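One structure below.
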Amino acid sequence: MAISESTKKKLFLKSGGMCAICRINLADNNIIAAEIAHIIAQNINGPRGNVANRDFVDIDGYDNLILLCPTHHTMIDRDVDIYTVEKLKEIKYLHEEWVKNIPNNSYKKDILGSEDITKLNSFLKRFHNFFHYVLNDYVEIACQIPSDAFTEMEFLANYGFYQQFRVYDRNINVIQDNIHKNAIEVCNIFELNLYEGNDIGVIFNHNNKKNISVNQKKNKIRPFLDEIINDYLKIKNILEY
């Protein structure tokens with residue numbers, strides 16, 4: 001059984017055409033496409049698929065679906081211990097309630113001063129390689145970091161360098177500062193003696209370290225990179241409105 005067109009339209013409408021987690025605009029974005037995710041998987045062996053009340057759930061019905069960006073669709077199906085059925089239902093409910101009050105809750109570019117808009121654009125541009133790596137490549141090539149992205153991460157973690165990109169708006173400061181703090185955490189976890197440099201960037205030194213050590217590093221880093229993705233998409237969303 002497939003998801004009906006009427007169900008898709010209802011989901012898009014009640015979600016405001018936005019990802020229920022990061023709230024990036026999916027309806028008119030040329031880069032990030034909308035994805036309809038199942039809260040309880042279609043397949044019993046899929047993410048959150050093996051639940052006690054499965055036989056009583058309309059798997060392709062509106063109540064079992066959530067609208068997400070590709071990044072967060074991957075995240076919820078990867079981290080099922082965090083994104084449980086109950087957690088996703090809560091996220092969906094809170095997002096839809098937020099959408100109902102968009103005139104009061106939305107944070108749009110036109111309320112920012114021109115200097116803040118310039119700084120925000122400069123912020124995204126200056127650390128573009130790092131954000132691009134985290135957003136697009138981390139899941140696939142988590143054991144390899146291009147040298148330009150690694151350098152930008154170090155600059156982003158340096159407050160003396162980072163502060164020149166902070167805007168005056170306090171709400172945006174919270175988002176920017178969270179990215180800065182998470183970059184610091186990632187840098188602290190990355191011990192340079194675990195890596196060896198070459199022409200294509202910085203890679204794990206598998207010759208000197210056991211794979212389990214590498215996996216432990218990747219698992220420690222992942223939550224901080226996930227937060228960076230969330231905050232990056234929030235800023236992108238603000239600039240696109």
Side-chain angles (χ1 to χ4, degrees), residues 15-34 68-72 74-75 94-95 98-99 101-139 145-190 192 201-202 221-241:
S15 299
M18 292 178 279
C19 172
I21 295 179
C22 66
R23 291 177 178 159
I24 190 170
N25 190 349
L26 302 169
D28 58 359
N29 192 300
N30 294 325
I31 299 175
I32 301 178
L68 299 171
C69 65
T71 297
H72 284 105
T74 299
M75 188 184 300
L94 292 175
H95 175 66
W98 180 85
V99 169
N101 298 296
I102 273 184
N104 298 320
N105 291 340
S106 62
Y107 208 84
K108 298 179 182 293
K109 182 173 66 175
D110 57 14
I111 69 174
L112 297 176
S114 58
E115 187 173 349
D116 276 355
I117 293 174
T118 299
K119 279 193 171 187
L120 266 188
N121 280 308
S122 297
F123 177 69
L124 297 186
K125 183 177 180 180
R126 178 60 183 83
F127 303 107
H128 167 76
N129 291 306
F130 173 64
F131 289 134
H132 184 274
Y133 165 75
V134 174
L135 189 64
N136 297 303
D137 300 327
Y138 174 65
V139 174
I145 301 179
S147 57
D148 51 3
F150 191 85
T151 299
E152 288 182 9
M153 178 178 69
E154 291 184 305
F155 278 126
L156 184 55
N158 183 313
Y159 184 78
F161 184 85
Y162 150 74
Q163 66 176 343
Q164 65 185 295
F165 299 99
R166 292 182 86 240
V167 302
Y168 296 109
D169 186 279
R170 292 183 179 180
N171 293 294
I172 308 295
N173 282 163
V174 173
I175 301 173
Q176 286 184 295
D177 288 348
N178 200 43
I179 292 175
H180 165 66
K181 291 174 184 177
N182 281 302
I184 292 175
E185 294 291 344
V186 174
C187 282
N188 288 339
I189 294 171
F190 271 120
L192 293 180
V202 180
I221 289 166
R222 176 175 287 164
F224 300 111
L225 293 186
D226 286 345
E227 283 200 39
I228 288 173
I229 289 172
N230 287 341
D231 290 322
Y232 167 81
L233 291 175
K234 286 177 184 177
I235 293 177
K236 288 281 288 183
N237 197 34
I238 290 169
L239 290 174
E240 286 168 2
Y241 267 103

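Note that the coordinates shown come from a computational prediction; the quantities given were computed from them, not determined experimentally. Hydrogens, waters and symmetry mates play no part in the numbers below; they use all other heavy atoms, side chains included. Sequence positions, counted from 1, serve as the residue numbers for this chain.
Using a 4.5 Å heavy-atom threshold, the side chains of I24 and T71 count as separate. Counting heavy atoms from C-beta on, the side chains of M18 and H95 come closer than 4.5 Å.
Applying the side-chain hydrogen bond (donor to acceptor under 3.5 Å, both in side chains) definition to pairs two or more places apart or across chains, those involving residues 112-125 are E115-Y168.
Scanning for salt bridge (Lys or Arg N to Asp or Glu O under 4.0 Å) contacts around R126 gives an empty result, with sequence neighbours left out. In terms of the side chain to side chain contact (heavy atoms under 4.5 Å, CB included) criterion, residue partners of I184 (sequence neighbours excluded) are, by chain and number, A157, H180, N188. By the side chain to side chain donor-acceptor pair (under 3.5 Å) test, Q163 is found to be paired with no residue, residues two or more places apart in sequence or in another chain being considered. Every residue meeting the side chain to side chain donor-acceptor pair (under 3.5 Å) condition with E152, not counting sequence neighbours, appears here in chain and number order: N129. Contacts of Y232 classified as ring-ring contact (aromatic ring centres under 6.0 Å, His included), with partners at least two apart in sequence or in another chain: F131.
To the nearest 0.5 angstrom, I179 atom CD1 is 11.0 Å from I229 atom CD1. From Q176, atom CD reaches atom CG of L124 across 8.5 Å, with rounding to the nearest 0.5 Å. In this structure, N182 CG and I228 CD1 are separated by 5.0 Å, a value rounded to the nearest 0.5 Å. Annotation: the span from C187 atom SG to F150 atom CZ amounts to 6.0 Å, rounded to 0.5 Å. Note that CD1 of I21 is 12.0 Å distant from CG of L94, once rounded to the nearest 0.5 Å. To the nearest 0.5 Å, the span separating NZ on K236 from SG on C69 amounts to 12.5 Å.
Of the candidates L120, I172, D177, D177 is the only one forming a side chain to side chain contact (heavy atoms under 4.5 Å, CB included) with R166.
Less than 6.0 angstrom separates the ring centroid of F127 from the ring centroid of F165.
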### Task
Applying side-chain contact (heavy atoms from CB on, under 4.5 Å), run through V99 and S15 and close with a yes or a no.
CA-CA 7 Å; V99 169; S15 299; 5.6 Å; no
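At least one donor-acceptor pair closer than 3.5 Å links the side chain of Q164 to the backbone N or O of F161.
Nearest heavy atom pair, residue L233 against residue C22, reads CD1-SG, 3.6 Å.
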